[in-house]
Amino acid sequence: MVEPRLSRGLRDLLPDAMLARQRMIDTIRGVYELYGFSPLETPAVEYLDVLSGSAGAEAQGQIFEATNPEGEQLGLRFDLTVPLSRVVSQYQDLIFPFRRYQVSPVWRADKPEPGRYRQFTQFDLDSVGAESEVADTEIIAAMCDTLDALDVGPYLVRFSSRKILNLLLEYAEIPQSGGPAVFRILDKLDKIGLGKVKLELTSGYTDESGAPISGLGLSAGQVEKIERFLKIKADSRSEVLELLRALFGGVDNAQQEIDVVERISSHLDALGYESNRVVVDLGIARGLAYYTGPVFEAVLLDAQQFGSVFAGGRYDNLVRRFTGRSIPATGASIGVDRLLAALVELDRVEQRKTSSQVLVSAMDPALMGEYLQITYELRRAGIRTEMHVGKPKRLGKQLQRADRLEIPYVVIMGSDEAQRGVVTVKEMLVGRRKAVEVRSHDEWKAGRFGQQEIARKDLAKTLRLLLDG
RNA sequence: GCUGGCGUAGCUCAGUCGGUUAGAGCGCCUGAUUGUGGAUCAGGAGGUCGGAGGUUCGAAUCCCCCCGCCAGUACCA
């Protein structure tokens, strides 16, 4: 015997999880198609060198490796952006800008943690070949429209630009090569607070568990400049940008880079995406390794512990390793599993165990054909219907199934109903509500809760009304 | 990766000075009720005590190694 089991970090998505998830994916797809993006699918497995070159040394350990029968080294994709850059490099006769969406699982050999799995699904939206910040604007607007369509409650999209962070390095007189280390610390601002960020930028400290955190060794003057940058806050995007212009007054090229962000902001203003949901937040850093321009991320304000559920940015250099030249690209990615987990936590998704709306029960073997007729009549009327497919046995078992699967209606027809040309429709919820007050089983059985008899010919019409009502 | 805690039935757990046949609650199955899902009652199934090795007349219990899970911490293109 083999023990049925999954390797760590992997999980099954049972029907109740899948129903909510598929509804979510359908909603997102609807918004992306409204924007005129087109679908793309790529294989889960790629050549290892196609995957690994872009990611830097630390990514290597996170790739699940595989081989094919020819003995070639392959790996499972760890994001959808690298396969996209392969595709746009490989099919140069695509019509650019290539605007695509893709929803697919990706694999990372990380240590699994709550809400974090080794296989998870991303839903990406990207424009490849568009240099203009209009493309970035569209991505941010699509993020808002998607979150609205998903009815996630209050959220905030924050954006900034990787180039502004590079200007910060210049302003604080930190060599560009020190950028990643500095940004990684700034990225923790929300989590650990300004005090610890400053310590980590300078001398380091020892945390509560006694673990030493080493510092970067920046000078007090440098840290003060960084702090001044981080403290830029204002009610509107344009005020933030004005303060930034003032702070970076003496930095070369600063005004042009700020102009880019300003143009995105004013496009968003013109479209009605205002500072109540899209803000310029200079503290956001994002993944950093391949972003070259604007970066964005969205958080749900009532579920901030889930972090950013939707994030992205501009990455103009990613295809260079395939083609030798840069193609501008910008996009964003939804962590489908993380966002769904947040919505479940917020009780903002309907959780069902089946899509069935009606169960047609079967009691009398002689009426099997009739049960099938009823079932298909309902299906052809667009009502999601299942029929009792086992032996026609105890009605109680069949009602129990409807109860457990939360199927709202059961159609009951025995020989007496059949003779009279009627069927019984039972609304399960009524009995479920009554159950708390009913004491004796006889009373429960005799109650026939939520049942009504209707003419056989009116069945589909009646159920349609009940379901729509 | 590091530190600590924990692994006993589908789930939550009890059971260690080593001692007969490893228990409970919930859940599941069957019946009371072959036309009524809740409740109740009766009966039943379900265990390599995480795995391998060791000590012992005897190990769920003690020792060693490994694996897994949980919490914190680090990392996360």
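To find a chain, count down the sequence lines: A is the first, B the second, and so on, and within it residues start at 1.
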Distance check, P atoms only: B:G15 and B:C69, in whole angstrom units.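 Taking atom P in both B:G15 and B:C69, they lie 26 Å apart.
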Atom C1', compared across B:G43 and B:U48: separation rounded to whole Å: 28 Å
B:G37 phosphate, OP1 or OP2, under 4.0 Å from A:H441 side-chain N/O: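 Affirmative; the distance criterion is met.
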Residue-phosphate contact under 4.0 Å: A:W444 side-chain N/O, B:U36 OP1/OP2: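 Checking A:W444 against B:U36: no side-chain N or O falls below 4.0 Å of OP1 or OP2.
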At a heavy-atom distance below 4.0 Å, what parts of residues 396-405 of chain A sit against RNA chain B?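 A:G396, A:K397, A:L399, A:Q400, A:D403, A:R404, in order of number.
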According to the interplanar angle, ranging from 0 to 90°, do the rings of A:W444 and A:F449 count as parallel (below 30°), tilted (30 to 60°) or perpendicular (above 60°)?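 Geometry flag for A:F449 against A:W444: tilted rings.
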Between A:Y315 and A:Y290, what is the shortest heavy-atom contact and its length?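 Looks like CB-O, 3.4 Å.
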Specify the closest pair of heavy atoms between A:Y32 and A:T146, including all atoms of both residues, with the distance to one decimal.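 Between these two residues, the closest heavy atoms are CE1-OG1, 3.5 Å.
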Pull out every protein N or O sitting under 3.5 Å from an N or O of nucleotides 1-5 of chain B, one pair per line with the distance.
{"from": "B:G1", "atom 1": "O6", "to": "A:K111", "atom 2": "NZ", "distance (Å)": "3.3"}

Excluding sequence neighbours, so at least two apart, what forms salt bridge (charged side-chain N to carboxylate O under 4.0 Å, His left out) with [X]?
X	answer
A:E133	A:R263
A:R99	A:E138
A:R432	A:D403

Residue whose nearest RNA chain B nucleotide is more 5′ - A:T424 or A:D79: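 Nearer the 5' end of the strand: A:T424.
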Here's one to test your reading of the geometry: is the NZ or CZ of A:R379 within 45 degrees of the ring axis of A:Y376 and under 6.0 Å from its centre? yes
Paired stretches of RNA chain B - 3 or more consecutive Watson-Crick or G-U pairs, each distance under 3.5 Å: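 When the pairs of RNA chain B are grouped into runs of at least three, the stems are B:1-7 with B:67-73, B:10-13 with B:23-26, B:28-32 with B:40-44.
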Taking C-beta and beyond as the side chain, do A:M428 and A:L359 meet within less than 4.5 Å on heavy atoms?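 No, side chains not in contact.
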Run A:T424 and A:E417 through side-chain hydrogen bond (donor to acceptor under 3.5 Å, both in side chains) and show every step you take. CA-CA 8 Å; A:T424 297; A:E417 278 115 334; 2.7 Å; yes
Short question: side chain of A:K163, backbone of A:P294 - any donor-acceptor pair under 3.5 Å? no
Sugar-phosphate only, base, or nothing, as touched by A:E437 at under 4.0 Å among non-hydrogen atoms: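 Nothing, no nucleic acid heavy atom in range.
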